[in-house]
*Asks:* 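Could you have a look at this structure, given as structure tokens, before my questions?
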Amino acid sequence: MRPMLLKTNIPSLKGTIAIPGDKSISHRSIMFGAIAKGETTVTNFLLGEDCLSTISCFRKLGVSIEQLEDKVIIYGNGIDGLKEPSDILDVGNSGTTIRLLLGILAGRPFHSVLIGDESIGKRPMTRVTKPLQTMRAVIHGRKNGEFTPISITGGDLSPLEYVLPVASAQVKSAILFAGLQANGTTTIIEPAKTRDHTERMIQKFGGSFEVDGCTVKIKGGQVLTGTEIHVPGDISSAAFFLAAGAIVPNSEITLKNVGLNPTRTGIIDVLKEMGADFTILPYDKDAFEPSGDIIIKTSNLKGITIEGELIPRLIDEIPIIALLATQAEGETIIKDAEELKVKETNRIDTVVGELSKLGANIKATDDGMIIQGKSELIGGTVSSYGDHRIGMMLSIAAAICKDKVFLENEESIYISYPDFFKHLQSLIKAD
Ligand code: S3P
């Protein structure tokens, strides 16, 4: 496919965007709807390819799911209603689908085979398969269960007390799904607090759990009941336009309905510390999943250090934060972020490699990167390498480039933000 010519040298971005549904919450709404009893209605569901992969897998597991644009109705028959799939479950590019699905299938007394695309085939799975095997699921995969294709036969599960070796909401969630089916109480201890959408959804579907700091306990044998879910906008998608508003000259963008779950708002903390000019309008902090509107304006930014417990709260935003740092005065250090190496691409390599091509002063480290600002970005040919967040970050970088920018593999952006270019264009036209 020919590389896409991106818009460069954009003089100003002005207008309002309704941020599309949150990817993590959209996946989970299908999963919980599928294992609950009764009807679940989901609105503002994200129509990205990853979430459509989740729908397709659950249909193959015998769940009836109706979808009309961004409204989805799931007719759940309880967890025992899931049926042995006669076809392979293809998760596409979605790490959340495969890892959480393994947790659900760990307790199901039938055989399933899971595959994904080339990127999924390189992403580590033993972080999930090992604890599930300890709970007595039978799992086989390439390289001792590390890589797809993976086969799983579940059944009676023993409860587990597990200290997560990495801060990962996907691993925590997989064990929570297995724990819901185990014979007793499962305890999960995280090294740092990760996104808690699974826990919030257990409650929303009438289940319960106990939480104390980084420890979560879940009782097996709970029956969940269908409900109504309105998915808030994805802060990880909003992050691209928050950055665009801050670095493109003469800009003012209003982002509507941005998810503001505190386990996801690391990007807001970073914008604040960098000195960005933004306002969050009043919102209901006690909602099932809080959300609000944000106004961002062109800002003078300064370099900062990002590390420790903040990392899981902004892990998916690091590519766009790296771009912000190229436009901030001074040095930005990102550390404790080794997990970037096992995302859709090795995001230390892809961020550093592609931003360097555009003229940024950025160096990779073992656990992150160091960026010197402020640097003028020039232009060139760059690639998303099939990673949606790299593709979107580069498209925003292009907005401030002087020369032409060509983007290879721009289609990866459909994985999480099908309307991304439409939204960007609407802000240019509005000027
Ligand atoms: C996700 C958790 C994060 C994140 C991913 C979505 C989730 O992954 O990077 O995009 O929905 O639970 P890890 O759990 O591997 O950190």
Side-chain angles (χ1 to χ4, degrees), residues 20-32 45-46 48-51 53-54 91-104 116 119-120 122-131 146 162 164-177 188 190-202 214 216 231-232 234-240 259 261 263-267 289 309-321 336-348 350-351 367-368 386-393 412-413 415-417:
D22 185 275
K23 183 155 81 70
S24 293
I25 299 172
S26 294
H27 282 303
R28 285 161 173 82
S29 66
I30 301 298
M31 294 177 179
F32 278 100
F45 180 79
L46 173 65
E49 287 170 0
D50 268 10
C51 299
S53 295
T54 293
V91 304
N93 190 246
S94 177
T96 306
T97 308
I98 191 164
R99 294 195 177 117
L100 273 58
L101 190 49
L102 282 166
I104 293 173
S119 154
I120 279 290
K122 293 183 196 144
R123 296 183 67 186
M125 294 299 148
T126 49
R127 52 180 56 200
V128 171
T129 55
K130 276 220 174 104
E146 184 66 300
Y162 194 63
L164 292 193
V166 285
S168 162
Q170 292 179 353
V171 180
K172 172 177 67 174
S173 301
I175 302 173
L176 282 170
F177 273 119
I188 305 162
E190 304 187 85
K193 183 92 177 151
T194 64
R195 62 190 71 190
D196 65 357
H197 305 303
T198 304
E199 294 92 311
R200 285 172 187 253
M201 222 172 259
I202 288 172
C214 286
V216 192
V231 181
D234 197 327
I235 191 166
S236 298
S237 300
F240 297 102
N261 175 321
T263 60
R264 295 282 299 280
T265 48
I267 178 71
E289 284 283 359
E309 301 213 334
L310 184 54
I311 296 295
R313 293 181 54 238
L314 48 66
I315 187 72
D316 291 341
E317 286 65 80
I318 291 178
I320 194 69
I321 289 172
D336 304 324
E338 300 90 341
E339 275 295 297
L340 290 174
K341 296 179 184 169
V342 292
K343 295 296 175 189
E344 285 82 335
T345 54
N346 176 334
R347 285 186 179 156
I348 296 183
T350 47
V351 167
D367 63 349
D387 184 333
H388 53 130
R389 299 202 198 280
I390 300 298
M392 287 186 275
M393 180 275 282
S412 62
I413 290 172
I415 284 165
S416 66
Y417 200 157

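Just so you know, ligand 1 is whichever comes first in the structure, and atom 1 is the first atom listed for that ligand.
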*Asks:* Could you tell me if S416 and K23 have a donor-acceptor pair between their side chains, going purely by distance under 3.5 Å?
*Replies:*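 Side chains of K23 and S416: no pair found under 3.5 Å.
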*Asks:* Are there more than 12 heavy atoms of other residues, nucleotides or ligands under 6.0 Å from atom NZ of K130?
*Replies:* no
*Asks:* Report the nearest protein non-hydrogen atom to atom 14 (O) of ligand 1: residue, atom name, distance rounded to 0.1 Å.
*Replies:* S168 OG, 2.7 Å
*Asks:* Salt bridge check: are E190 and K172 linked by an N-O gap of less than 4.0 Å?
*Replies:*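 Yes.
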*Asks:* Which bit of H27 gets closer than 4.0 Å to ligand 1, counting heavy atoms only: side chain, backbone, both or neither?
*Replies:* neither
*Asks:* Give a yes-or-no answer on whether the side chains of E344 and S119 include a donor-acceptor pair shorter than 3.5 Å.
*Replies:* no
*Asks:* Between R28 and S173, do the side chains contain a donor N or O and an acceptor N or O under 3.5 Å apart?
*Replies:* yes
*Asks:* Which residue holds the protein heavy atom closest to atom 12 (O) of ligand 1, what is that atom called, and what is the gap in Å?
*Replies:*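 Ranked first by proximity to atom 12 (O) of ligand 1 is R28 NH2, 2.7 Å.
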*Asks:* Give yes if a backbone or side-chain nitrogen or oxygen of K343 is under 3.5 Å from a nitrogen or oxygen of ligand 1, and no if not.
*Replies:* yes
*Asks:* Does ligand 1 have a heavy atom under 4.0 Å from the side chain of R195, from its backbone, from both, or from neither?
*Replies:* side chain
*Asks:* Among R195, R200, R264, which residue meets the salt bridge (Lys or Arg N to Asp or Glu O under 4.0 Å) test with D22?
*Replies:* R264
*Asks:* Under 4.0 Å from a heavy atom of A169: which atoms of ligand 1 are those, numbered in the order shown and with their elements?
*Replies:*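 By the 4.0 Å cutoff, the relevant atoms are 12 (O), 14 (O).
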*Asks:* Just checking, any donor-acceptor pair under 3.5 angstrom between side chains of T97 and S53?
*Replies:* no
*Asks:* May I ask you to check whether V171 has an N/O atom sitting below 3.5 Å from an N/O atom of ligand 1?
*Replies:* no
*Asks:* Under 4.0 Å from a heavy atom of T96: which atoms of ligand 1 are those, numbered in the order shown and with their elements?
*Replies:* 1 (C), 6 (C), 7 (C), 11 (O)
*Asks:* Can you find an N or O of S24 that's nearer than 3.5 Å to an N or O of ligand 1?
*Replies:* yes
*Asks:* Is the shortest N/O to N/O distance between D316 and ligand 1 below 3.5 Å?
*Replies:*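 D316 vs ligand 1: N/O contact under 3.5 Å present.
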